Amino acid sequence: MPNLNELHRYAREIFDHALASVDPRTAVRQAISVNGPIVDIGEARLEVSSRPVYAIAIGKAAHSMAIGLEEVLGQTLIAGVISAPEPFASNRWESYTGGHPLPDESSLAAAQATFALLDQANAESAVVIFLISGGGSAMLEWPSSDEISLADLRLANQLLVTCGARIAEINSVRRAFSAVKGGGLARRAPRAQSFTLIVSDTNPGDEASVASGPTLSPPADAPDAVDVIQRYQLQDVLPQSILKAVEQSRPDRATGTHQVLLDNWSAVQAAAAKARELGFPATTAQDICEQPIEEGCDLLLSRIRQTTCLISGGEFSCPVRGHGLGGRNLETALRCAIKLDRETEHFVLLSAGTDGIDGNSPAAGAIADETTVKRAAAIGLDAHEFLARSDSYSFFQPLNDMILTGPTGTNVRDIRIFLRSS
């Protein structure tokens, strides 16, 4: 029977393996085949002997994807625009450090550079390869109306990501006031031949929501933006310019083909495979995914009692109640630690984001067990007080139980690894 230290080590080993399995650079290289003037991407065949090839890369995986694209295309790639968490050093790419989680001046500049390149591609009937990953919603943005200021964009996004709405609901509203999202980039260059490669931070089949779908039409069953605003009582707090744009929004169809390279299920499956290699009869819980965080934690706790290894992914919705540091993964760990306080068995939960950042904290997440609350109390920390002010990072930091990876160059949502001694 593994002891507590061993369970901690196994949980981290499983997480690290899952993270390594979703490397966008490798995935891009594997997805593209070059044979002289022919470039095959997925089921698409692009003839590039007489047409320039351009690229647009946005999101947390933009760097890794851009490197993979350069490695496989070489001199065939003429130029690109990239908006990512960090500057990108390449003479082929016009690089921007777009804002996240809220758009900023650099996000707007990246959009203008992208529009210019797409206008050129359209005039030349060029080939455009889009590299899209989560986080791109903020890193490249332009409003649908001149009445919408950057301050309006930032406030709208802040309200949306903290109101407790699901990502599909948030994206429905974002699309309605954006000239980029919901296929906006693809529609900018109708004469170009485009293909989109996606590292997905959304549910399977919902790739149109990655970065709010800058090259893809919204799904037919997407939530209505007006309904979302009313459901979360945002009509009295959103800027009037945003409300007006949402009311006047009329979605247009976008053309082009795409392929999902990596998604949350890729990481979950890799985690389960590693757990089984370590001797755990791993169970994957696809249904524990996007619940409100309290409900999701209760499901995890009830399900782990039926097995010794439970792995789930997705993103719990996590309303912010205070001004502390942390995000849904740190709060998941804190909530579970509180519930495990009186257990006599060994339980270990690791909850972390594959992008390496959880909410407004520098951690990817945290690891908790049945001793967490007692160890915290011994140094004067009250778990309930930290939970009440959304300050889970400050709770776990002195315990040295945070998961610190730094930016990972990928983004396929969260991974939760729950182990129990048997």
Side-chain angles (χ1 to χ4, degrees), residues 99-103 107 134-138 141 143-145 147-178 180-182 201-203 206 208-213 218-251 287-299 314-332 335 353 358-361 387-392 413-414:
H100 190 273
L102 303 179
S107 306
S137 290
E141 179 64 296
S144 61
S145 165
E147 297 178 20
I148 301 173
S149 67
L150 176 58
D152 292 342
L153 289 174
R154 289 175 62 84
L155 177 58
N157 277 277
Q158 178 67 33
L159 291 169
L160 286 167
V161 300
T162 57
C163 72
R166 295 180 293 110
I167 188 64
E169 295 173 317
I170 293 171
N171 283 333
S172 285
V173 181
R174 282 171 169 166
R175 293 186 195 103
F177 58 79
S178 174
V180 170
K181 299 167 173 50
D201 66 339
T202 64
N203 290 330
D206 190 25
S209 287
V210 181
S212 302
D221 61 349
D224 180 80
V226 174
D227 289 346
V228 173
I229 289 172
Q230 293 174 346
R231 182 175 303 120
Y232 294 96
Q233 301 179 345
L234 300 175
Q235 59 269 30
D236 294 330
V237 290
L238 283 169
Q240 286 300 310
S241 62
I242 295 291
L243 293 172
K244 182 178 178 181
V246 171
E247 291 169 358
Q248 296 177 346
S249 174
R250 298 291 183 270
D287 60 315
I288 305 178
C289 181
E290 288 188 336
Q291 288 82 4
I293 191 164
E294 186 172 4
E295 177 186 341
C297 290
D298 286 344
L299 285 171
E315 294 179 354
F316 291 156
S317 58
C318 184
V320 176
R321 298 169 304 283
H323 300 286
L325 294 175
R328 58 183 173 265
N329 287 289
L330 285 151
E331 183 163 323
T332 294
R335 285 180 176 273
D358 190 42
N360 61 354
S361 82
L387 180 62
R389 61 175 183 262
S390 298
D391 199 18
S392 48
R413 313 186 93 184
D414 304 334

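As a basis for the values below, the full set of heavy atoms in this structure was taken, side chains included, without hydrogen atoms, waters or symmetry mates. On a predicted model such as this, the values are computed, not experimentally measured, just so you know.
- Heavy-atom minimum distance, S390 versus P319: OG-O, 4.3 Å.
- Ion pair R154/E141 not flagged as a salt bridge, since none of the NZ, NE, NH1 or NH2 atoms sits closer than 4.0 Å to an Asp/Glu carboxylate oxygen.
- For D298, the side chain to side chain donor-acceptor pair (under 3.5 Å) partners at least two apart in sequence or on another chain are K339.
- Each of N203, T202, D201 was checked for a side-chain hydrogen bond (donor to acceptor under 3.5 Å, both in side chains) with R413, and the lone residue meeting it is N203.
- Residues satisfying the side-chain contact (heavy atoms from CB on, under 4.5 Å) test with D287, not counting sequence neighbours, are A285, R303.
- Under a 3.5 Å cut-off, the side chain of N329 and the backbone N or O of D358 do not form any donor-acceptor pair.
- Closest approach of P292 and S317 over heavy atoms only: CA-OG, 3.2 Å.
- Contact between L330 and S361 at its shortest, heavy atoms only, is CD1-OG, 3.4 Å.
- Note that the CG atom of N157 and the NE2 atom of H100 stand 9.5 Å from one another [nearest 0.5 Å].
- One N or O on the side chain of T162 and one on the backbone of Q158 form a donor-acceptor pair closer than 3.5 Å.
- Listed by chain and number, the residues in a salt bridge (charged side-chain N to carboxylate O under 4.0 Å, His left out) with D391 are R389 (sequence neighbours excluded).
- Sequence neighbours left out, the pairs with a member in residues 317-328 that pass salt bridge (charged side-chain N to carboxylate O under 4.0 Å, His left out) are E315-R328, R321-E331, R328-D414.
- Partners of S172 by side-chain contact (heavy atoms from CB on, under 4.5 Å), not counting sequence neighbours, listed by chain and number: R175, A222, P223.
- The minimum heavy-atom distance between G324 and N360, with the atom names listed, is O-ND2, 3.1 Å.
- Distance check: S209 OG to I167 CD1 gives 7.0 Å after rounding to the nearest 0.5 Å.
- Taking every heavy atom of both residues into account, A165 and I170 meet most closely at O-CD1, 3.7 Å.
- Listed by chain and residue number, nothing satisfies the side chain to side chain donor-acceptor pair (under 3.5 Å) test with T332 (two or more places apart in sequence, or in another chain).
- More than 12 heavy atoms of other residues, nucleotides or ligands shown are found within 6.0 angstrom of CD on E295.
- With sequence neighbours left out, the side chain to side chain donor-acceptor pair (under 3.5 Å) criterion links S144 to no other residue.
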Using residues 225-235 as the side-chain source, report each donor-acceptor pair under 3.5 Å to any protein atom, sequence neighbours left out, with the distance given to one decimal.
from, atom 1, to, atom 2, distance (Å)
R231, NH1, E169, OE2, 2.9
Y232, OH, E169, OE1, 2.6
Y232, OH, E169, OE2, 3.4

Review point. Would F316 and I288 count as a side-chain contact (heavy atoms from CB on, under 4.5 Å) if you check the C-alpha gap in whole Å, the side-chain angles of each, and the deciding distance to 0.1 Å?
Key: CA-CA 9 Å; F316 291 156; I288 305 178; 3.8 Å; yes
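- Between the side chain of K181 and the backbone N or O of S137 there is at least one donor-acceptor pair closer than 3.5 Å.
- Residues D206 and A168 share a closest heavy-atom pair of OD2-CB, 4.5 Å.
- Using a 4.5 Å heavy-atom cutoff, the side chains of L155 and L238 are not in contact.
- Q248 is linked by a side-chain contact (heavy atoms from CB on, under 4.5 Å) to K244, counting only residues two or more places apart in sequence or in another chain.
- P143 pairs by the side-chain contact (heavy atoms from CB on, under 4.5 Å) definition with L108, I148, L153, not counting sequence neighbours.
- Listed by chain and number, the residues in a side chain to side chain donor-acceptor pair (under 3.5 Å) with S107 are D104 (sequence neighbours excluded).
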